[in-house]
Amino acid sequence: MKNNKLSELSLTELNKQKKQLSGLLIGGAILMLFLFGALLYLIIKKQNFVLLAVIPGCMLAWLPVAIKLSQLNTEIKLRGSETNSGL
C-alpha cells in the first residue's frame, strides 16, 4: 500500500482500504486462533511453558493494522458528517 495521507484520499479509496484491512484482520485472526491452539497443544504436551511468551508477541504484531483501521474509520465518519452538514 502506498503511504498516502488519509485526508488526500477520496471516500471510495478510503472504503477500499477499509475493506482490505478488515479482511486482513479477520483472516489473520482466524489463522492466529488456529496457530494459538496448536501452540497451546504443544505447550501442554511438552510441558514447555516458556512458549506462552510467544502469544502476546504475536498479538502485538497486529497492532499497527488495527490502528490504521481505526484511523480509516475515523476519517470515513468525518467525511460522512461533512457530507450531511453540507446539505
Side-chain angles (χ1 to χ4, degrees):
M1 242 187 287
K2 295 179 185 174
N3 192 9
N4 293 337
K5 289 186 179 180
L6 295 178
S7 59
E8 296 174 356
L9 297 175
S10 70
L11 191 57
T12 306
E13 292 170 329
L14 289 173
N15 282 323
K16 182 180 175 185
Q17 279 191 5
K18 179 183 173 185
K19 276 183 157 179
Q20 288 175 340
L21 287 178
S22 295
L24 180 68
L25 275 176
I26 291 170
I30 292 170
L31 181 64
M32 279 179 46
L33 284 174
F34 175 73
L35 292 176
F36 287 163
L39 186 63
L40 286 174
Y41 173 76
L42 286 174
I43 289 170
I44 292 168
K45 181 91 170 155
K46 304 279 184 181
Q47 297 293 316
N48 189 0
F49 296 104
V50 176
L51 291 175
L52 280 173
V54 172
I55 293 175
C58 290
M59 288 198 271
L60 283 176
W62 289 98
L63 192 58
V65 177
I67 291 170
K68 179 73 173 181
L69 185 61
S70 174
Q71 290 172 344
L72 281 170
N73 285 332
T74 303
E75 185 68 24
I76 290 170
K77 285 180 185 177
L78 180 67
R79 300 264 179 100
S81 66
E82 286 176 359
T83 304
N84 291 337
S85 66
L87 293 175

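Only heavy atoms go into these numbers, but all of them, side chains included; no hydrogens, no water, no symmetry mates. One is the number of the first residue; the rest follow in order along the sequence. All of these numbers come straight from a predicted model, not from anything done at the bench.
- To the nearest 0.5 angstrom, S10 atom OG is 10.0 Å from K16 atom NZ.
- Under a hydrophobic clustering in which Ile, Leu, Val, Met, Phe, Trp and Tyr are joined whenever their side-chain heavy atoms come within less than 4.5 Å, directly or via other members, L42 and M32 fall into different clusters.
- Summarising the geometry of L69 relative to S22, their closest heavy-atom pair is CD1-OG, 3.8 Å, with the distance given to 0.1 Å.
- L78 and L6 fall into different hydrophobic clusters, where Ile, Leu, Val, Met, Phe, Trp and Tyr are joined by side-chain heavy atoms under 4.5 Å apart, directly or via other members.
- The two residues L9 and Q17 come nearest to each other via the heavy atoms CD1-NE2, 3.7 Å.
- A single hydrophobic cluster is seen to contain both V54 and F36, as judged by linkage of ILVMFWY side chains at heavy-atom distances under 4.5 Å, directly or through other members.
- Distance check: N73 CG to N15 CG gives 9.5 Å after rounding to the nearest 0.5 Å.
- By the 6.0 Å contact criterion, CZ on F34 is open, its count of non-hydrogen atoms from other residues, nucleotides or ligands being 12 or less.
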| message | Determine whether L51 and L40 satisfy the following criterion, side chain to side chain contact (heavy atoms under 4.5 Å, CB included), listing intermediate values before the conclusion. | response | CA-CA 8 Å; L51 291 175; L40 286 174; over 6 Å; no
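- Nearest heavy-atom pair, P64 versus L60, reported as atom, atom and distance to 0.1 Å: CD-O, 3.8 Å.
- Linking Ile, Leu, Val, Met, Phe, Trp and Tyr residues whenever their side-chain heavy atoms come within less than 4.5 Å places L14 and V65 in a single cluster.
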Open item on the list: As a quick check of understanding, evaluate side chain to side chain contact (heavy atoms under 4.5 Å, CB included) for K19 and L72, giving each step before the final call.
Closed with: CA-CA 10 Å; K19 276 183 157 179; L72 281 170; over 6 Å; no
* To do: List the steps and the verdict of side chain to side chain contact (heavy atoms under 4.5 Å, CB included) for M59 and I55.
  => CA-CA 6 Å; M59 288 198 271; I55 293 175; 3.8 Å; yes
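- Atom NZ of residue K5 and atom CD of residue E75 lie 12.0 Å apart, to the nearest 0.5 angstrom.
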